[in-house]
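It should be emphasised that the depicted structure is a prediction, and the values quoted were computed from it without experimental measurement. Heavy atoms only: backbone and side chains are in, while hydrogens, waters and symmetry mates are out.
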Amino acid sequence: MGGFFASAQNEDCVFDLFFGTDYHSHLGTRRAGMVVYGEDGFNRAIHNIENSPFRTKFNNDVNGMKGHMGIGCISDYEPQPLIIRSHHGAYAISTVGKINNSADLVKNILNTTGLHFMEMSGGEINATELVAALINRKDNLVEGIHYAQEVIDGSITILLMTPKGIYLARDKMGRTPVVIGRKPEGFCAAFEQYSFVNMDYELYKELGPGEIAVMTPNEVVTLMAPGKEMKVCTFLWVYYGYPPSAYEGVSVEAMRNRCGGMLAKRDNMTKDDIDIVAGVPDSGIAHAIGYSNASGIPYGRPFIKYTPTWPRSFMPTIQSKRDFIARMKLLPVQENIKGKRILLIDDSIVRGTQLKEKTEYLREAGAKEVHVRPACPPILYGCKYLGFSRSTSDMELLARRVIYDLEGDVDAETLAEYANPDTQRYANMVEEIRRKQGYDSLKFNRLDDMLEAVGLPPENLCTYCWNGQE
């Protein structure tokens with residue numbers, strides 16, 4: 001994934017840019033950067049945040065930066081923002097999204113222009129550099145941004161800063177948000193709306209799908225009207241969004257409470273069956289509170305996340321090390337484990353490794369039973385728009401591996417049966433997942449219930465990872 005913050009003010013913007021960007025640290029794990037524009041032109045800093053959080057890496061840079069406009073980003077992959085010099089003049093650019101056809105786009109540019117690309121480690125092309133190259137193929141920035149969004153297979157949201165203003169472009173299907181705040185000193189733009197609340201900004205507007213606007217200290221002007229179709233990533237509410245977040249006016253915390261309540265209403269568990277309902281920190285907690293409130297089963301915390309030295313941004317990209325860090329963060333509360341029948345809610349099951357380990361962890365600590373209730377349906381497809389699951393192959397997904405074990409390679413029609421909770425194939429898959437993971441019982445949330453918990457029209461929500469429908 002990735003997050004961003006931009007500020008345009010009639011005074012120095014660095015303070016707001018620093019803290020606004022930091023508030024997006026839960027969205028990325030690898031790189032972070034800030035660039036400001038002022039009297040001395042562009043001033044940029046990029047750091048690796050794999051081993052320490054954003055603030056510790058940028059404290060010194062902030063003291064030397066001055067400017068009235070700036071953009072900052074937290075990135076899962078490529079170093080950014082980049083500073084580009086082109087026929088449009090100099091500009092800084094940052095992006096959030098995923099490009100599935102990058103190889104074809106790079107080949108086309110190399111064959112038709114004299115451009116070249118710098119390779120990152122691993123031989124990959126920096127996606128933001130590729131977006132800049134696409135933008136530069138057109139005569140003006142607005143045409144270039146629109147062209148880039150049209151030819152990219154996947155999703156791309158763009159922040160582009162020139163000496164005159166900051167261009168804001170939400171991806172054409174609105175899978176990720178661009179929210180604008182306003183205060184007397186100027187404007188800001190962010191992925192997360194809550195990131196500017198404590199800096200006295202008020203919500204000004206949200207960009208629509210594909211909308212392109214330019215932001216200056218004095219105004220925000222739409223240059224390309226939003227499209228009519230929207231497919232917001234539903235996983236933003238289920239997992240990625242921080243609890244105070246809101247997308248399209250829908251609160252993450254409230255959605256998760258409703259989601260947990262719907263899980264409870266579909267379930268048949270009572271106080272006679274379960275001693276406590278627990279949520280896996282952090283994203284499972286609100287779901288669990290919703291389940292507890294709806295079922296009447298007490299909410300409890302069998303483990304606590306140790307946060308003083310384990311911030312969200314410290315998560316290695318190697319999966320085995322991510323699993324190890326996730327386990328190290330959690331400390332047991334023996335009084336809520338020993339001899340207890342626990343119903344455990346997590347946001348999802350992707351590969352299954354971490355939740356299986358948490359279940360074993362609870363049993364070793366003395367839990368009598370562990371019943372698992374994921375807050376979303378089984379994930380059958382790796383995300384091809386935002387890359388949230390980090391899967392390089394669908395076969396990394398637990399549900400797909402189980403399906404393969406049950407009947408080998410299957411076609412799309414058969415997968416659709418596995419996605420339908422009213423079929424025998426779905427029941428067989430769930431039971432096999434339960435058996436492999438070692439849960440006492442397992443029930444996934446239904447897609448229709450989860451979408452109802454969001455409350456937006458279903459056609460405006462992306463459900464690709466659960467049912468393969470675009």
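- Using a 4.0 Å cut-off between a side-chain N of Lys or Arg and a carboxylate O of Asp or Glu, Glu50 and Arg31 qualify as a salt bridge.
- By the 4.0 Å N-to-carboxylate-O rule, Arg341 lies close enough to Asp275 to be salt-bridged with it.
- No more than 12 heavy atoms of other residues, nucleotides or ligands shown are found within 6.0 angstrom of CD on Glu229.
- From Asp405, atom CG reaches atom CZ of Arg400 across 12.5 Å, with rounding to the nearest 0.5 Å.
- The shortest non-hydrogen separation linking Ile337 to Pro302 is CD1-O, 3.1 Å.
- Aromatic ring orientation, Tyr361 versus Phe303: tilted (interplanar angle from 30° to 60°).
- Without hydrogens or angle criteria, Gln437 side chain to Gly352 main chain gives a donor-acceptor distance under 3.5 Å.
- Here the side chains of Leu398 and Arg351 are not in contact, with every heavy-atom distance at 4.5 Å or above.
- Between the side chain of Lys57 and the backbone N or O of Asn48 there is at least one donor-acceptor pair closer than 3.5 Å.
- The aromatic rings of His24 and Phe4 lie parallel to each other, their planes meeting at an angle below 30°, with 60° marking the opposite boundary.
- Minimum interatomic distance between Ala169 and Leu207 (heavy atoms only, all atoms of both residues): N-CD1, 4.5 Å.
- Within a 6.0 Å sphere centred on CD of Glu413, other residues, nucleotides and ligands contribute 12 heavy atoms or fewer.
- Closest approach of Ala367 and Ile342 over heavy atoms only: CB-CD1, 4.0 Å.
- A donor-acceptor pair under 3.5 Å is formed between the side chain of Arg401 and the backbone N or O of Glu396.
- A 4.5 Å side-chain heavy-atom check between Leu355 and Tyr439 finds at least one atom pair inside the cut-off.
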### Message
Between Val238 and Asn445, does the side-chain contact (heavy atoms from CB on, under 4.5 Å) criterion hold? Intermediate values first, please.
### Response
CA-CA 11 Å; Val238 176; Asn445 201 357; over 6 Å; no

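- For Asn126 (side chain) and Pro79 (main-chain N/O), a donor-acceptor pair under 3.5 Å exists by modelled atom type.
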#### Entry: Worked verdict on Arg446 versus Asp422 for salt bridge (Lys or Arg N to Asp or Glu O under 4.0 Å)
CA-CA 10 Å; Arg446 290 173 60 104; Asp422 298 321; 3.2 Å; yes

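- Looking only at distances, a side-chain donor or acceptor of Asp76 sits under 3.5 Å from a matching main-chain atom of Met1.
- Rounding to the nearest 0.5 angstrom, the gap separating the CZ atom in Arg175 from the OG atom in Ser155 is 6.0 Å.
- Taking the six-membered ring for Trp and thresholds of 30 and 60 degrees, His26 and Tyr194 have ring planes inclined between 30 and 60 degrees apart.
- Annotation for Glu150: atom CD counts as buried by contact number, over 12 foreign heavy atoms lying within 6.0 Å.
- Under the 4.5 Å side-chain criterion, counting only non-hydrogen atoms from C-beta, Ser102 is not in contact with Ile125.
- When every heavy atom of Arg301 is checked against every heavy atom of Asn336, the shortest pair comes out as O-ND2, 3.1 Å.
- Rounding to the nearest 0.5 Å places OG of Ser195 at 9.5 Å from OH of Tyr201.
- When side chains are defined from C-beta on, Thr423 does not count as touching Tyr418, because their heavy atoms never get closer than 4.5 Å.
- Within the structure, every pair that satisfies the side-chain hydrogen bond (donor to acceptor under 3.5 Å, both in side chains) test and touches residues 287-297, not counting sequence neighbours, is listed here: Asp267-Tyr291.
- Counting heavy atoms from C-beta outward, Asn420 and Tyr426 have side chains that stay 4.5 Å or more apart.
- By the 30° and 60° cut-offs, the orientation of the rings of Tyr385 relative to Tyr464 is perpendicular.
- When the side-chain hydrogen bond (donor to acceptor under 3.5 Å, both in side chains) test is applied to Glu431, the partners found at least two apart in sequence or on another chain are Arg434.
- Using a 4.5 Å heavy-atom threshold, the side chains of Pro421 and Phe444 count as separate.
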### Task
Evaluate the side-chain contact (heavy atoms from CB on, under 4.5 Å) criterion for residues Tyr299 and Ile276: first the C-alpha distance (whole Å), next the side-chain angles of each, then the deciding distance (0.1 Å), finally the verdict.
CA-CA 5 Å; Tyr299 171 78; Ile276 64 169; over 6 Å; no

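- The pair Glu248-Arg170 meets the salt-bridge criterion, with a side-chain N (NZ, NE, NH1 or NH2) lying under 4.0 Å from an Asp/Glu carboxylate O.
- Side chains of Thr95 and Glu78 form a contact here, defined as non-hydrogen atoms less than 4.5 Å apart.
- Ionic pairing of Arg363 and Asp440 is present here: one or more N-O contacts between side-chain nitrogen and carboxylate oxygen are shorter than 4.0 angstrom.
- Aromatic ring centroids of Tyr23 and Phe5 lie 6.0 Å or more apart.
- Between the side chains of Arg373 and Ser441, at least one donor N or O sits under 3.5 Å from an acceptor N or O.
- At least one donor-acceptor pair closer than 3.5 Å links the side chain of Thr157 to the backbone N or O of Asp171.
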### Task
Test Leu456 against Thr234 for side-chain contact (heavy atoms from CB on, under 4.5 Å), laying out the working first.
CA-CA 10 Å; Leu456 296 176; Thr234 312; over 6 Å; no

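- Side chain of Arg258 to backbone of Asp449: no donor-acceptor contact under 3.5 angstrom is found.
- Within the 3.5 Å criterion, the main-chain N or O of Ala453 finds no donor-acceptor partner in the side chain of Trp237.
- Side-chain atoms of Leu343 and Ile297, non-hydrogen and from C-beta on, never get closer than 4.5 Å to each other.
- Here the shortest heavy-atom pairing between Ala419 and Leu380 reads CB-CD1, 3.7 Å.
- Between the side chains of Glu432 and Asn428, no donor-acceptor pair of N or O atoms lies under 3.5 Å.
- Remark: side-chain polar atoms of Lys205 are not paired, donor with acceptor, to backbone N or O of Val179 under 3.5 angstrom.
- Under a 3.5 Å cut-off, the side chain of Asp346 and the backbone N or O of Gly284 do not form any donor-acceptor pair.
- Taking the side-chain hydrogen bond (donor to acceptor under 3.5 Å, both in side chains) definition, one finds that Gln193 meets it with nothing, sequence neighbours left out.
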### side-chain contact (heavy atoms from CB on, under 4.5 Å) evaluation trace for Phe19 with Phe54
CA-CA 10 Å; Phe19 287 102; Phe54 175 87; over 6 Å; no

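- For Gln469 and Thr463, the side-chain atoms include no donor-acceptor pair closer than 3.5 Å.
- Atom CZ of Phe117 has more than 12 heavy atoms from other residues, nucleotides or ligands within 6.0 Å.
- The two atoms that bring Glu192 and Gly241 nearest to each other are OE2-CA, 4.1 Å, heavy atoms only.
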